[in-house]
S.K.: 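The structure is given below, and queries will be raised subsequently.
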Amino acid sequence: MHRPVLIDEVTTWLDPREGSIIVVGTAGAGGHAAALARRVGPGGRIIGLDRDPNMLELARKATAGLPVTLVHAPYSAMRRVLADLEIPPERVQGVLLDLGLSSDQLAWRHRGFSFAADGPLDMRFNPDSSGPTAAELLAEMPADELAQAFFDFGEERFSRRIARRIVETRTAEPLRTTRQLAELVRGCIPGRLRHGPIDSATRVFQALRILVNDELEHLDALLKELPNLLAPGSRAAIISFHSLEDRRVKWAFRNEPRWSILTKKPVIATAQETAVNPRARSAKLRVAERWSNQDPSRTPNPTIPRP
């Protein structure tokens, strides 16, 4: 069962008021959207975006009877979605981005996101899209491009060795399942490093998922556009789950003079939350507030204490 991470911290920092409009991307299983919808009340509205139609079905059940509008779209399409709904940016009082993968997605073996159970190497957030699957990329990409992707998106130190083994293996038999790929990766890692707290295959699976779904491109596009999609005085809260995302969020907030950073350091889960939801250990929440008066010559305000 999916548990929305940092839900108390999110509602505290966004501080949704009665009648507010807040955009949530990704909507996931609907946990954050439902919690925020109860705060904005019947006069408010939550707009939830997600690329995965299966997750939207779960979100519809979680938010039934609440003022939530769910849209099948990536969060990078936020401007278009708001325009389609005839919501001008000055009416948006908050944005939440949850960049993590849902526990439900990880549990669906046919989606190929996890190596905990064997399944096809798909990894597309939208399984109905025409984009290449992870298996297709592994079958087609040259070794040097695979190695670069594993290094850039997974920070995998043995990326070249793994890429070479993939190319050697696919000449005899293509990699089609999560178990095949996980075992291949583990076989490329020196024995002394193979049994750490994180499975050796984790970084390669992360890199492939990012590559298949163009995740960082979507994030960069929205971070650039985000100050234009919020009313002055409104807040943006972003939850990331690995350093590639967190660094982008941190520098986007720091380098844009229209943001005032509210979290000097990322907010992390309490020991109580991680005890019941281990995935929350890697979650980092950063929050910034949109300047009331845009002045490009100014530097961002000093951070303010956590509520």
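Heavy atoms only: backbone and side chains are in, while hydrogens, waters and symmetry mates are out. Numbers here are sequence positions counted from 1.
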S.K.: side-chain contact (heavy atoms from CB on, under 4.5 Å) for F241 and L101? Distances and angles first, verdict last.
M.R.: CA-CA 9 Å; F241 286 82; L101 200 64; over 6 Å; no
S.K.: Ignoring hydrogens and angles, state whether a donor on the side chain of N277 or E273 is under 3.5 Å from an acceptor on the partner side chain.
M.R.: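 Side chains of N277 and E273: no pair found under 3.5 Å.
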S.K.: Run the salt-bridge test on E57 and R60 with the 4.0 Å N-O cut-off and return the result as yes or no.
M.R.: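 Looking at R60 together with E57, the answer is yes, because their closest N to O distance falls below 4.0 Å.
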S.K.: Is any side-chain heavy atom of L208 closer than 4.5 Å to a side-chain heavy atom of F153?
M.R.: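 Contact flag for L208/F153 side chains = no.
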S.K.: Around R160, counting heavy atoms of other residues, nucleotides and ligands shown, do more than 12 lie under 6.0 Å from its CZ?
M.R.: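 Result for CZ/R160: open.
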S.K.: Quick one, M55 and L58 - any side-chain contact, counting heavy atoms below 4.5 Å?
M.R.: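 A side-chain contact under 4.5 Å exists here.
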S.K.: Verify side-chain contact (heavy atoms from CB on, under 4.5 Å) between T178 and L121, making sure each step is shown before the conclusion.
M.R.: CA-CA 6 Å; T178 56; L121 278 166; 4.0 Å; yes
S.K.: Can you establish whether the number of heavy atoms outside R161 located under 6.0 Å from its atom CZ is more than 12?
M.R.: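 Count over threshold, so yes.
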S.K.: What pair of heavy atoms forms the shortest contact from D52 to D50, and how long is it?
M.R.: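 In terms of heavy atoms, the two residues are closest at N-OD1, 2.8 Å.
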S.K.: Group every Ile, Leu, Val, Met, Phe, Trp and Tyr by side-chain heavy-atom contacts under 4.5 Å, then state whether V185 and M141 land in the same group.
M.R.: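 Same cluster: V185 reaches M141 through Ile, Leu, Val, Met, Phe, Trp or Tyr contacts under 4.5 Å.
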S.K.: Charged N to carboxylate O under 4.0 angstrom, D220 versus K224?
M.R.: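 Salt bridge between D220 and K224, a charged N being under 4.0 Å from a carboxylate O: no.
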S.K.: Under the 3.5 angstrom rule, does the side chain of E145 hit a backbone N or O of P142 as a donor-acceptor pair?
M.R.: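 Side chain of E145 to backbone of P142, a donor-acceptor pair under 3.5 Å: no, none is there.
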S.K.: Please tell me if the side chains of S240 and K250 come closer than 4.5 Å, counting only heavy atoms from C-beta onward.
M.R.: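 The answer is no; the side chains never approach within 4.5 Å.
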S.K.: Could you list all the ring pair (Phe, Tyr, Trp, His ring centres under 6.0 Å) pairs where at least one residue sits in residues 200-237, not counting sequence neighbours?
M.R.: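 For residues 200-237, and leaving out neighbouring residues, the ring pair (Phe, Tyr, Trp, His ring centres under 6.0 Å) pairs sorted by first residue read F115-F205.
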S.K.: Can you confirm whether R290 sits close enough to V92 that some side-chain heavy atom of one is under 4.5 Å from a side-chain heavy atom of the other?
M.R.: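 R290 vs V92: side chains apart.
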S.K.: Salt-bridged, D15 to R235, with N to O below 4.0 Å?
M.R.: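 No, D15 and R235 are not salt-bridged.
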S.K.: Within the distance-only criterion (no hydrogens, no angle test), does the side chain of N213 pair as donor or acceptor with the backbone N or O of E215 below 3.5 angstrom?
M.R.: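 It does not hold such a pair.
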S.K.: Decide if atom CD of E18 counts as having more than 12 heavy atoms of other residues, nucleotides or ligands within a radius under 6.0 Å.
M.R.: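 Yes, enclosed.
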